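In what follows, a single structure is set out as structure tokens and then discussed.
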2 protein chains.
Amino acid sequence: MDAIDLRLVELLRTNARLSFAELARQVGLSAPAVHERVGKLESSGVVRGYRADIDPEAIGLGVTALISVVEESTTDADDLQELLRELPEIETCYFMAGVESFLLTVRVGTIAELERLIVRLNRTPGVASTRTAIALSAKWENRPRPLSPHSD
Amino acid sequence: MDAIDLRLVELLRTNARLSFAELARQVGLSAPAVHERVGKLESSGVVRGYRADIDPEAIGLGVTALISVVEESTTDADDLQELLRELPEIETCYFMAGVESFLLTVRVGTIAELERLIVRLNRTPGVASTRTAIALSAKWENRPRPLSPHSD
DNA sequence: ACAGGACGTGGATGCCATCGACCTGCGACT
DNA sequence: AGTCGCAGGTCGATGGCATCCACGTCCTGT
């Protein structure tokens, strides 16, 4: 991970569809060299994939909510995590410090669907309680931060 | 937004670097047709961009936290929002229902940096108080949900 | 019936991805 | 010190892809 890799990461983070030729021009290397670098970034796990950023409303997922989950003291967090993974509405799942072990970002189409999801969550074995906060609007999401070099 | 558009969105959401030729094969159209459809999805705002999904640890952003912000009753939410936008550490910013007007997902390198960020936030005009929860680990983030057709 | 538009196809053309051959600088070993 | 081996670069070739354009087809309103 040198300065050129960092630059490539930053470029791809902003526009994942840039051609290798264009990336090469931007960093001052040849296209094959960039191709190889990006390949290494992918196989080393630095680049985990490439995603189109889709307006959720356009695909009928206009309701975003954050749900904190308190787990029962008797259950194993890993087991609960696997149950949560089954729910496609959960876009993001953090394991948190604090009483509320998990924090979920969920995306559904309607408030009614959100209600059903909350009920399902509360019925999930290992879930003691949940607390839901509704996002009225996303001012921005997943904004790529300008990168600065850092120690390895 | 017909079924083919939805399929294209789903494909690009999973792998934003697919070629138009490959997309064309997957949906059973010619490459120029797909090219035009994707162009329209972009200009209509359905596709907002393409992002490489980067392991945050690899770029020195190993600490993730969620910060709720209570705003002072005297201030305008839009003004505060603009101030928050200046802070590059804030990856996501939701405007929430409830007492805590904003919920921020922030990404920093160290706990010390997080501390500095919290101090800065609390000094920001319009911020009455903040509450921070630290993510110990991200089980998954921005997982693309399998799409189902929906009404337009 | 027919004009117009939205949307598709196929062909042409120039750029891009990707492979292989080769070069170069550096660190490790003798 | 020489030199072996490797990491990582360049260049050139070639086949595939992006993209433009001309044209076909189907629907829709008059």
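Here is the naming used below: chain letters follow the sequence lines, and residue numbers restart at 1 for every chain. Since the structure is predicted, the reported quantities are computational estimates derived from the model, not experimental observations.
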- Starting from Val119(B), walk the hydrophobic network (Ile, Leu, Val, Met, Phe, Trp, Tyr; side-chain heavy atoms closer than 4.5 Å) and list everyone else you reach, by chain and number.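 Joined to Val119(B), directly or through intermediates: none.
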- Message: Using a 4.0 Å cut-off on heavy atoms, which residues in residues 12-25 of chain B reach DNA chain C? List them by number, or say none.
- Response: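 Here the set is empty: none.
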- Task: Please collect all side chain to side chain donor-acceptor pair (under 3.5 Å) contacts where either partner lies in residues 21-34 of chain B, sequence neighbours excluded, each pair once.
- Result: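 Every pair satisfying side chain to side chain donor-acceptor pair (under 3.5 Å) with a residue in residues 21-34 of chain B: Glu22(B)-Arg25(B), Glu22(B)-Gln26(B).
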- Does CD belonging to Glu82(A) count more than 12 external heavy atoms closer than 6.0 Å?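 Check passes, neighbour count above 12.
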- Task: Check the pair Thr75(B) / Leu80(B) against side-chain contact (heavy atoms from CB on, under 4.5 Å), numbers first and verdict last.
- Result: CA-CA 8 Å; Thr75(B) 35; Leu80(B) 180 50; 5.5 Å; no
Rounded distance [0.5 Å steps], [atom1] in [X] versus [atom2] in [Y]:
X	Y	atom1	atom2	result
Glu89(A)	Arg116(A)	CD	CZ	9.5 Å
Ile67(B)	Leu114(B)	CD1	CG	5.5 Å
Leu11(B)	Arg13(B)	CG	CZ	12.0 Å
Leu83(A)	Arg123(A)	CG	CZ	14.5 Å

- Does Lys40(A) place a side-chain N or O at less than 4.0 Å from the phosphate oxygens OP1/OP2 of dA7(D)?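 For dA7(D), OP1/OP2 do not have a side-chain N/O of Lys40(A) under 4.0 Å.
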- May I ask you to list the residues of residues 41-55 of chain A, by number, that have any heavy atom positioned under 4.0 Å from an atom of DNA chain D?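 Residues of residues 41-55 of chain A that come under 4.0 Å of DNA chain D do not exist, since none gets that close.
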Would you tabulate the side-chain donor-acceptor contacts of residues 90-108 of chain B under 3.5 Å, counting partners in other chains and residues two or more places apart, or write 'none'?
from, atom 1, to, atom 2, distance (Å)
Glu91(B), OE1, Arg107(B), NH2, 2.9
Glu91(B), OE2, Arg107(B), NE, 3.2
Thr92(B), OG1, Asn142(A), N, 3.0
Tyr94(B), OH, Glu141(A), OE2, 2.6
Glu100(B), OE1, Arg131(B), NH2, 3.1
Glu100(B), OE2, Arg131(B), NE, 2.9
Ser101(B), OG, Glu71(B), OE2, 3.2
Arg107(B), NH1, Thr64(B), OG1, 2.9
Arg107(B), NH1, Glu141(B), OE2, 3.1
Arg107(B), NH2, Glu141(B), OE2, 3.1

- Between dT19(D) (P) and His35(B) (NE2): distance, integer Å: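 Checked: the NE2 to P distance equals 4 Å.
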Please tabulate the protein-to-nucleotide N/O contacts below 3.5 Å involving nucleotides 9-13 of chain D, giving atom names and distances.
from, atom 1, to, atom 2, distance (Å)
dG9(D), OP1, Arg37(A), NE, 3.0
dG9(D), OP1, Arg37(A), NH2, 2.5
dT10(D), OP1, Ser30(A), N, 3.4
dT10(D), OP2, Ser30(A), N, 3.0
dT10(D), OP2, Ser30(A), OG, 2.3

- Salt-bridge present (Arg37(A), Asp2(A); N to O < 4.0 Å):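 Here Arg37(A) pairs with Asp2(A) in a salt bridge, since their nearest N and O are under 4.0 Å apart.
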